[in-house]
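Contents: one structure, followed by commentary.
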Amino acid sequence: MRRWSGHCCRCLPTWNARASRSTATSSRGYRQASRRASRVSKNLGSPRQLGELLFDQLKLPGGKRTKNGQWETRAGLLDDLAANEELPEDARKLINTMLEWRQLSKLKSTYTDALPLHVNAQSARIHTSYALAATTTGRLASTDPNLQNIPVRTKEGREIRTAFIAEKGAQLISADYSQIELRVLAHMADIPQLKKAFADGLDIHAMTASETRRRAKAINFGIIYGISAFGLANQLGISRQEAGEYIATYFKRFPGIRDYMETTKKFAHDHGYVETVFGRRVHYPEINTKNPSMRGFLERAAINAPIQGSAADIIRRAMVRMPSALESAGLAHTTMLLQVHDELIFEAREAEIATALPLVQKVMEQAPEPIVKFSVPIHVDAKAASNWEAAH
DNA sequence: CGAACGGGCCAC
DNA sequence: AAACGTGGCCCGTTCG
């Protein structure tokens, strides 16, 4: 039984039809037009055909194959290709056009076209379903539609967020845990330098910075995910050796993290499970497999699970307490709408916003108590605005 | 025709 | 051998 049967989440704000109306050409139309205009007859929307054009016909350098023998055409790879000044201008231009087309067609097909089809006729809102026991770590999963992956990274993507609006006379509140997984790590692994940094309100990403903020962030996340020099090198486009030096520097700066990861790994091998900070178990019965790649994969998952799982426990505790907390505070017109892993979204009548903001912040920040007293501060940022993009 | 799968990519 | 964790959805392709 994967799905929590019966109910969807509470209502989502109304979909803003104005913002969601698309004026773009249909993808089919675009492809037909580009096929006519091209000397080679290809559907470049198909990764296979794009790969064949770039690497079989045009013989561009740097081609890699996927495990099934297809040419890889990931954005990261195409980025590198287009950056190569040795390549013919028209090839680079084609690649950049394809990257742009990929980005826009992704947004159109997955969000702009699809989301309006989910608007409920009665409520005039989009309702998602949350699966409560679908992930190994204890996170929720959102489906039909997934409202936990609404774009935010790019300017064009954020346009989609602006379409999630509050009722007239109300606003949306977005309240999100600040760097919750790094704080969980600092607490669970008991890293003095990391705990002090959070206690002092320092910017961890800036602190990690051996070079740029982008690299610092990648390392911080990499640590949580069970990093390897290879993976970090891949992501940052640096040499394996350089990546290895970053990791070594990180481990030196925060002594105890490497030990913690090794201890967690050993615990997983000895017991076949790991635990969140609240004692909830995440089982890895196959972790002692002799298959090296599977073993490595399970080890990284087992290192990540207590961190990701503890953060999932914390926000669940906040969610369980939230309705009664709102009611006790007399906030009858403030409603919890959505959960996005480290963020809760509410709709609140304007008259209630000033009270709701500090209340939801408090419930979220105190969620570990009284079971666990965190040795680092848990911090929540909360903000109200008329649409999701502005509130975030 | 639908199911299953791979590739790709959106989020945290 | 793979190489950074957790998910879900879309498209193209293949298969029955």
Side-chain angles (χ1 to χ4, degrees), chain A residues 2 27-28 31 42-51 65-78 98-99 101-115 117-118 128-131 134-154 156-158 160-161 176-177 179-182 185 218-236 240 243-244 247 261 274 282 290-309 311-312 315 338-343 392:
Chain A
R2 252 170 64 84
S27 54
R28 183 184 304 276
R31 286 198 297 273
K42 290 258 179 197
N43 172 11
L44 298 186
S46 152
R48 180 168 66 79
Q49 296 195 41
L50 178 61
R65 292 185 186 271
T66 68
K67 66 176 193 298
N68 290 315
Q70 256 195 58
W71 291 113
E72 241 184 284
T73 65
R74 288 177 297 110
L77 194 137
L78 296 187
M98 282 312 303
L99 282 166
W101 183 84
R102 284 254 184 99
Q103 192 216 341
L104 296 176
S105 65
K106 171 77 176 182
L107 295 177
K108 182 173 186 294
S109 63
T110 309
Y111 304 102
T112 313
D113 288 347
L115 288 176
L117 303 178
H118 287 278
T128 186
S129 294
Y130 282 114
T135 68
T136 54
T137 58
R139 277 187 173 188
L140 305 187
S142 161
T143 58
D144 310 305
N146 180 359
L147 293 182
Q148 291 182 319
N149 71 342
I150 302 303
V152 71
R153 212 177 65 249
T154 65
E156 292 79 8
R158 282 193 295 275
I160 289 165
R161 266 186 195 233
D176 67 293
Y177 287 102
Q179 301 181 47
I180 185 68
E181 293 191 345
L182 274 179
L185 173 67
I219 295 172
N220 278 326
F221 282 112
I223 291 294
I224 288 170
Y225 298 153
I227 203 166
S228 76
F230 185 95
L232 186 66
N234 242 355
Q235 162 149 354
L236 290 178
R240 221 196 120 156
I247 295 171
M261 292 169 71
V274 291
V282 180
K290 288 189 169 59
N291 179 329
S293 63
M294 190 184 296
R295 192 178 168 105
F297 177 73
L298 291 172
E299 284 173 348
R300 290 191 299 278
I303 288 169
N304 171 260
I307 304 170
Q308 190 182 115
I315 196 166
L338 290 177
Q339 189 254 42
V340 190
H341 308 306
D342 65 355
E343 174 189 16
H392 190 74

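Residue numbering restarts at 1 for every chain, and letters A, B, ... go by the order of the sequence lines.
- First and last contacts of DNA chain B with chain A, using any nucleotide atom under 4.0 Å from a protein heavy atom and ordered 5' to 3', fall at B:dG6 to B:dC12.
- Evaluation of the side chain to side chain contact (heavy atoms under 4.5 Å, CB included) rule for A:Arg74 yields A:Lys64, A:Glu72, A:Leu77 as partners, not counting sequence neighbours.
- Under the salt bridge (Lys or Arg N to Asp or Glu O under 4.0 Å) criterion, A:Arg161 pairs with no residue, sequence neighbours left out.
- A donor-acceptor pair under 3.5 Å is formed between the side chain of A:Asn304 and the backbone N or O of A:Ile224.
- For A:Ser129 (side chain) and A:Asp144 (main-chain N/O), no donor-acceptor pair under 3.5 Å exists by modelled atom type.
- To the nearest angstrom, P of C:dG5 lies 17 Å from CD1 of A:Ile219.
- Straight-line distance between the C1' atoms of B:dG8 and C:dA1: roughly 23 Å, to the nearest whole Å.
- With DNA chain C read from its 5' end, the first of the two nearest nucleotides for A:Leu236 and A:Asn149 is the one closest to A:Leu236.
- Rounded to an integer number of Å, the gap from CD of A:Gln103 to C1' of C:dC9 is 17 Å.
- Between the C1' atom of C:dT6 and the CG atom of A:Leu185 lies a distance of 17 Å, rounded to the nearest Å.
- Side-chain atoms of A:Ser105 come within 3.5 Å of backbone atoms of A:Arg102 as a donor-acceptor pair (strictly under, hydrogens ignored).
- Distance from the side chain of A:Ala114 is smallest to C:dC10 among C:dA1, C:dG5, C:dC10.
- Nucleotide C:dC9 holds its C1' atom 16 Å from the CZ atom of A:Arg102, rounded to whole Å.
- When the side chain to side chain contact (heavy atoms under 4.5 Å, CB included) test is applied to A:Ala302, the partners found at least two apart in sequence or on another chain are A:Ala268, A:Val274, A:Tyr284, A:Ile287.
- In the set C:dA3, C:dT14, C:dG8, the nucleotide with an atom closest to the side chain of A:Lys106 is C:dG8.
- Atoms CZ (A:Phe221) and C1' (C:dT6) sit 13 Å apart, rounded to a whole Å.
- In this structure, A:Ala75 reaches the sugar-phosphate backbone alone: every heavy-atom distance under 4.0 Å involves primed, P, OP1 or OP2 atoms, never a base.
- In this model, the phosphate group of C:dG5 is approached by a side-chain N or O of A:Arg300 to a distance below 4.0 Å at OP1 or OP2.
- Side chain of A:Thr110, nearest nucleotide from C:dT13, C:dT6, C:dC9: C:dC9.
- Contact annotation: A:Thr137 side-chain N/O to C:dG7 OP1/OP2 distance is not under 4.0 Å.
- Residue contacts for A:Gly226: at a heavy-atom cut-off of 4.0 Å it reaches the sugar-phosphate backbone alone, with no base atom in range.
- Among the heavy atoms of the strands, none lies under 4.0 Å from A:Glu343.
- Residue A:Ile224 is out of contact with every strand shown, counting any heavy-atom pair closer than 4.0 Å.
- Counting only heavy atoms from C-beta on, A:Ser109 has its side chain closest to C:dC10 among C:dC9, C:dC10, C:dT13.
- At least one donor-acceptor pair closer than 3.5 Å links the side chain of A:Thr128 to the backbone N or O of A:Pro145.
- Under 4.0 angstrom from either OP1 or OP2 of C:dG7 there lies no side-chain N or O belonging to A:Gln308.
- As rounded to whole Å, 15 Å separates atom P of C:dT13 from atom CG of A:Asn68.
- Look at CD1 on A:Ile227: it is 20 Å from P on C:dA2, rounded to the nearest Å.
- Residue-to-nucleotide proximity on DNA chain C shows that, of A:Asn146 and A:Glu181, the 5′-proximal contact is made by A:Glu181.
- If you take CE of A:Met294 and C1' of C:dA1, they are 12 Å apart, rounded to a whole angstrom.
- For the strand DNA chain C, secondary-structure stems (runs of at least three Watson-Crick or G-U pairs, all distances below 3.5 Å) span B:1-12 with C:5-16.
- Of the possible donor and acceptor atoms, one in the side chain of A:Arg158 sits under 3.5 Å from a partner among the backbone N and O of A:Arg153.
- The closest donor-acceptor contact from the side chain of A:Tyr130 to the backbone of A:Gln339 lies under 3.5 Å.
- Among C:dC10, C:dG7, C:dC9, the nucleotide with an atom closest to any side-chain atom of A:Asp144 is C:dC9.
- Under the 3.5 Å distance criterion, the side-chain polar atoms of A:Thr143 are left unmatched by any main-chain donor or acceptor of A:Asn146.
- Qualifying salt bridge (Lys or Arg N to Asp or Glu O under 4.0 Å) partners for A:Glu156, counting only residues two or more places apart in sequence or in other chains: none.
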